[in-house]
Amino acid sequence: MTVGTVRNLRRFSQVSFFGVFCWLVLKTNFEVAISPDTVSEVFLPYPVSIALQFDPLVALTTLLANGTLFKGLLWSLAVLIPTIFLGRFFCGWVCPLGTLNHWISEIRSERISFRGKGKIESNRYKKYQRIKYYIFLFMIAAALFGTLQSGLLDPLPLMARSIGTLVLPTAHAAADGVLGWVKSFGFKPLSGAAQFVYDMFAPFLLNFRQVHFHGIVSIAILFGGIVVTNRVFTRFWCRGLCPLGAMLGIFSRYATFGLQKDEKSCDHCNLCLQSCQGADNPDVGTRWRQTECHVCLNCQAACPQGSLDFKFFPTLEGTRTNPPPNQRVDITKRKTVASLAAGAALFPMLRSGDSFEINADSRLIRPPGSVIEDDFLARCIRCGQCMRVCPNNALHPTLLESGLEGVWTPILIPKVGYCEPSCTLCGQVCPTGAILELTLLEKVGDKETPANRIGTAFFDRGRCLPWAMATRCIVCEEWCPTSPKAVYLKEELVTDRQGKEVRVQRPYIDPDLCTGCGACEFACPVVDQPAVYVTSVGESRSPDNQILLRRKKPTTIPPGETP
Amino acid sequence: MKRREFIKRASQATGLAAVCVGGGWFFHDREWFKYEPPIVHKPDFQIAPDNAYPQISLSRNQDHVLALRDALDAVGGIARFVRAGERVTVKPNVGWDRTAAQAANTSPVLVGEMVRQCLDAGAAEVIVTDVTCNEARRCFLRSGIKEAAEKAGAKVILAVEDDYLVMDLKGRLLTSWPVLRHFVETDRLINMPIVKHHSLSMCTVGMKNLYGILGGRRNQLHQEIDQSIVDLAMFSRPTLTVVDATRVLMRGGPQGGSLDDVNIEHSVICATDQVAADARAVEFLGLAAADVAHIVQAEKAGLGLIDYRAAGYKENLG
């Protein structure tokens, strides 16, 4: 097999893994056909979060933060073990964000001409490439103390989050906008053609309905920034910032596969440098850096003299003008200690602030089945899979609702969508156990089993129609899904401003029955700031965030409810 | 500066200025593009009255398919309502993510049979749709209606934003509202409600089921629920109302959830008179139609007769 063939294999691998990754995110969607007679619960037909379980950084940081390797995370060894022998092949052959960066970087630009000195210089090893190791060490130390921050920058969760909550919803809005615009001309053949193209792609690319996510711009800034910097420095993210790349670089320390340079045949044409992805100094005369190399094999394929050769057990000896390869990570001891210390300080710093539990946002409603907040922040990698799969667009990335510590972790916003009682999809897709998988019985409860609660609803009587405006309404009662209903009514005779007597039904909440699903808030006709709203108090996962000393089990119809 | 260059640069600048002025003049106070006004059919799908048949029939049978066939035959059979080549929209109640047994949605067995009846009568296309309250995909799946309707040969449509037409309902209360296009752009409309308790309107039967043709902010309609139901019933006149009273949700409506709240009645009502259908159906809830405000108001508005026996009533209790 020639090196050209191997390089084509790499290209094929990149396209395939990119496609598979995107396909899995697309399939993280409620679109299954069930027969209600045979199945009472909806399960996704594919293990849609499996790609995230192959991520060694997710495995390592969650292991450090919560003490276990959750479920499928052992798969990450399938990436880590080959890396120990082969180097960072993952970055060059598998990683979907790496592949995206690769493609964007390879588009011709005016700044770094496709073949030129600028490109050669920019592809030499630079000191900024150390930054990723410091980020990685910072994340590791932070995780060890209990706050999991790696998901912010870890490429696989980042990619899943960006596609699911940013790219696809944006594409949906754009497609609908263009379709509407084309149709507005009123020219039938054009409208028909546009509709045909739309109908061809919409079923598998676009969601059933346009979704609207909280904090989407913050996600766009990071993702857009990563994509755009490729136009200035080839794969700037992969070279300089990626904590997973850093981890794999460190594990390449003893790699048995590497680059051997033949000084004699090299005529210093620098074609290898022009095509280098990792900025690892593949040219003869400089020190090759194992930990930076993505094993893309471009240099070997570009070399007209055949001076470069990737092989097992390359010689580690050099000559006076051709230094030997360096397998060590280029970081200083002092900065290593400083990064670890900063990471270690992060946890006590965050927890000495007030946004963890003491003064957490009252609207910090976590998905059903979420573990207690402390453990949640040690598990959630912010991959956004729960948000993508939620059929009601109820789950969103937070901004500051759980402090800076929890940016982009999931929050339920009932105004946008409520928690569908019979749905357990978010727990099914969570790759790290931040949201546990509930059975239908555990979710809705019955006479023996308490239902899972995510909060409790309250009335704002100053805004509620029957309470404040002598007007009939009770949409909240109609929508309340518990049985018997947690929203109950009392009929009262009230007088309006003109002194006219009006008979209205005023709603109340029974906290013994309310699960905090938010259907009442979603349906409330006072749309801007609903007159019934859910806060997190009473959530099943927390022993402290409670109101009542004892919440009774719903066995009988409460008094006041007319049978 | 040479003359040639002067002329060139001056004319370039003048040209650009002219384009700006011309463009401004042209677009000033004028819509550049406009959304095409939708073509709207008249939402009155009633057939001519025929004294040979009763306006309403009720049939009770353990086999719900037979109950439906019997009730339908009593009012003249499907051939009276659906002609060959017509497009039929069937509107069951698919409001909630509930199973068939929980009696919040119309029975899938009846929906499937109704679809088959229409297709047997030669309908070109049968559409089954509803504007659900809970998430549409879940409602259609769990209710069993998607499976039953598709198996019977219908096209099940889950409404998305583009499927609505903003229409003038010409009601006393309801004026401009988004209506799902499949309920107006069709030839025949068959309303298939289920009988349920409702805390505000007391019951949900046929006319209340028409809430499901609307999109938009329908959670405001509760404020004047009776008038809004009457307005809707005035606007949308189904060809036939087929009431599912095989299971009746007695409490905790309109969503239910507990099987303790469900009475088994094994009955199906077919009616060409919406008011009569509702008046008969509320008896299953232990109500008298005269006590249900929206039914009374509907009769006053001339929509039909509360005294369903006077409307011509046939009953087969099996």
Side-chain angles (χ1 to χ4, degrees), chain A residues 30-37 39-40 42 176 179-181 183-186 191 202 208-210 390-393 417-418 420-423 444 446 465-466 469 471-485 487-489 505 507 519 522-527 557 561-563, chain B residues 31-37 95-102 104-105 108 133-148 150-151 158-162 197-201 204 211 217-226 250-261:
Chain A
F30 174 71
E31 52 169 37
V32 285
I34 55 156
S35 168
D37 293 333
V39 198
S40 61
V42 175
D176 283 359
L179 182 69
W181 185 71
K183 281 183 168 178
S184 71
F185 293 119
S191 307
F208 170 61
R209 228 186 257 130
Q210 173 75 54
C390 178
N392 281 353
N393 191 198
Y418 61 95
E420 197 72 61
S422 65
C423 175
V444 297
D446 63 6
L465 272 59
M469 301 167 207
T471 302
R472 305 205 295 174
C473 183
I474 69 140
V475 178
C476 49
E477 191 258 5
E478 182 184 84
W479 276 70
C480 182
T482 64
S483 184
K485 290 173 186 289
V487 179
Y488 62 96
L489 307 167
Q505 292 160 302
F522 175 78
C524 180
V526 191
V527 283
I557 295 169
E561 170 105 11
T562 42
Chain B
E31 269 178 296
W32 176 39
F33 57 87
K34 200 174 179 169
Y35 289 94
E36 50 186 316
W96 309 95
D97 180 13
R98 296 288 196 207
T99 59
Q102 287 166 323
N105 303 315
C133 295
N134 288 152
E135 212 278 330
R137 293 168 294 180
R138 297 194 81 99
C139 293
F140 273 91
L141 277 178
R142 195 172 299 271
S143 64
I145 287 176
K146 184 172 194 285
E147 198 191 12
E150 281 177 350
K151 212 177 261 176
L158 276 58
V160 293
E161 262 169 83
D162 285 352
H197 157 261
H198 190 277
S199 291
L200 191 58
S201 61
T204 293
Y211 264 30
R217 295 278 315 281
R218 65 185 191 196
N219 56 1
Q220 291 176 332
L221 300 180
H222 274 206
Q223 292 158 32
E224 296 195 37
I225 196 163
D226 300 322
M250 303 299 287
R251 293 170 287 280
Q255 262 197 90
S258 170
L259 297 182
D260 299 343
D261 298 337

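In this text the structure is predicted, and so the values were computed from the model without any measurement. Note: hydrogens, waters and symmetry copies are ignored here, and every other heavy atom, side chains too, is used. Chain letters run A, B, ... following the sequence lines, proteins first, then strands; residues in each count from 1.
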Roughly how far, to the nearest 0.5 Å, is CZ of A:R209 from CG of B:L158? 8.5 Å
Taking B:Q255 as the fixed residue, which of A:P481, A:S483, A:P421 is the one that meets the side-chain contact (heavy atoms from CB on, under 4.5 Å) rule? A:P481
Output for pair (A:F522 CZ, B:C133 SG), nearest 0.5 Å, gives 9.5 Å
Toward chain A, the part of B:R98 with a non-hydrogen atom under 4.5 Å: side chain
As an exercise, state the distance from SG of A:C423 to CG of B:N134, rounded to the nearest 0.5 Å. 11.0 Å
Engaged part of B:A136 at the chain A interface, taking heavy atoms whose separation is under 4.5 Å: both
For A:P391, does its backbone N or O pair with a side-chain atom of B:R138 as donor and acceptor, under 3.5 Å? no
Looking only at non-hydrogen atoms, find the nearest pair between B:E135 and A:Y418 and report the distance. N-OH, 3.7 Å
Who are the ring-ring contact (aromatic ring centres under 6.0 Å, His included) partners of B:W96, not counting sequence neighbours? A:W479
Can you tell me which portion of B:L221 sits under 4.5 Å from chain A's heavy atoms? Options are side chain, backbone, both or neither. neither
Residue part contacting chain A, namely of B:A159, when any heavy atom lies under 4.5 Å: backbone
So do the side chains of B:L200 and A:E478 get within less than 4.5 Å of each other, counting heavy atoms only? no
Please report the closest heavy-atom contact between A:P525 and B:Q220, naming both atoms and the distance. CB-CG, 4.2 Å
Under 4.5 Å from any heavy atom of chain A, what part of B:R217 do you find: side chain, backbone, both or neither? side chain
Closest approach of A:F208 to B:V160 (non-hydrogen atoms, all atoms of both residues): O-CG1, 3.4 Å
With sequence neighbours excluded, what pairs up with A:V526 under the side chain to side chain contact (heavy atoms under 4.5 Å, CB included) test? A:R463, A:L465, A:C524, A:D528, A:A531
Taking atom OG of B:S199 and atom CD1 of A:I474, what is their separation to the nearest 0.5 Å? 4.5 Å
